[in-house]
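Accompanying notes for the structure given below.
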Amino acid sequence: MGSKLEKRSGQPLHVSSRTANGLTTVPVTGEVDHATSAQLEGELELAVTSGAQCIEVDFCRVSLCDCSGLNALLSARSHAQEAGVCFGVRGDRSRPWWRGCSRWRK
């Protein structure tokens, strides 16, 4: 009622990571939802335990992120903080779900 719902595009999730000079960048594309969030969570956990000093999650090409995806980000952020690793997320701020990431914007 009065809220805009994001239309699902059906884009498959693709997650990878690369590390250079202590910074691990995790580019994410496609949809992050209940069916795909475990893949994101696994890649982020690897990033946290890889010995990186800082992790930047690039959500610029994510077309949809539901609460499962946001929970994966929260969990990774918590693990990163416990490990003393800085953690940030950047993305398309026009997406409705982006408001949930407001504390992590780069």
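Model, not experiment: these values are computed from the prediction. Residues take their numbers from the sequence shown, with the count starting at 1.
By the 4.5 Å heavy-atom criterion applied to side chains, Val32 and Ser68 are not counted as neighbours. Here the side chains of Leu73 and Val89 are in contact, with some heavy-atom distance below 4.5 Å. Counting heavy atoms from C-beta outward, His14 and Pro27 have side chains that stay 4.5 Å or more apart. Here the side chains of Thr29 and Leu13 are not in contact, with every heavy-atom distance at 4.5 Å or above. Contact of the Glu31 side chain with the Val62 side chain is not registered, since no non-hydrogen atoms from C-beta on lie closer than 4.5 Å.
Atom CG of Asn21 is separated from atom CD of Gln53 by 9.0 Å, given to the nearest 0.5 angstrom. Between Thr36 atom OG1 and Asp66 atom CG the span is 7.5 Å, to the nearest 0.5 Å.
When the side-chain contact (heavy atoms from CB on, under 4.5 Å) test is applied to Ala35, the partners found at least two apart in sequence or on another chain are Asp33. Partners of Asp58 by side chain to side chain donor-acceptor pair (under 3.5 Å), not counting sequence neighbours, listed by chain and number: Arg90. Judged as a side chain to side chain donor-acceptor pair (under 3.5 Å), and not counting sequence neighbours, the contacts of Glu45 are His79. Listed by chain and residue number, Ser17 satisfy the side chain to side chain donor-acceptor pair (under 3.5 Å) test with Glu43 (two or more places apart in sequence, or in another chain). Thr19 meets the side chain to side chain donor-acceptor pair (under 3.5 Å) test with Thr24; sequence neighbours excluded. Qualifying side-chain contact (heavy atoms from CB on, under 4.5 Å) partners for Ser78, counting only residues two or more places apart in sequence or in other chains: Glu82.
Across all non-hydrogen atoms, the minimal contact from Val85 to Ala52 is CG2-O, 3.4 Å. When every heavy atom of Ser75 is checked against every heavy atom of Glu41, the shortest pair comes out as OG-OE2, 3.8 Å. Between Ala72 and Ser37, the shortest heavy-atom distance links the atoms CB-O, 4.1 Å. Taking each heavy atom of Gly69 and Leu40 in turn, the nearest pair found is O-CD2, 4.2 Å.
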TODO: Could you check Cys65 against Leu70 for side chain to side chain contact (heavy atoms under 4.5 Å, CB included), going step by step and ending with a plain yes or no?
DONE: CA-CA 7 Å; Cys65 182; Leu70 294 176; 4.0 Å; yes

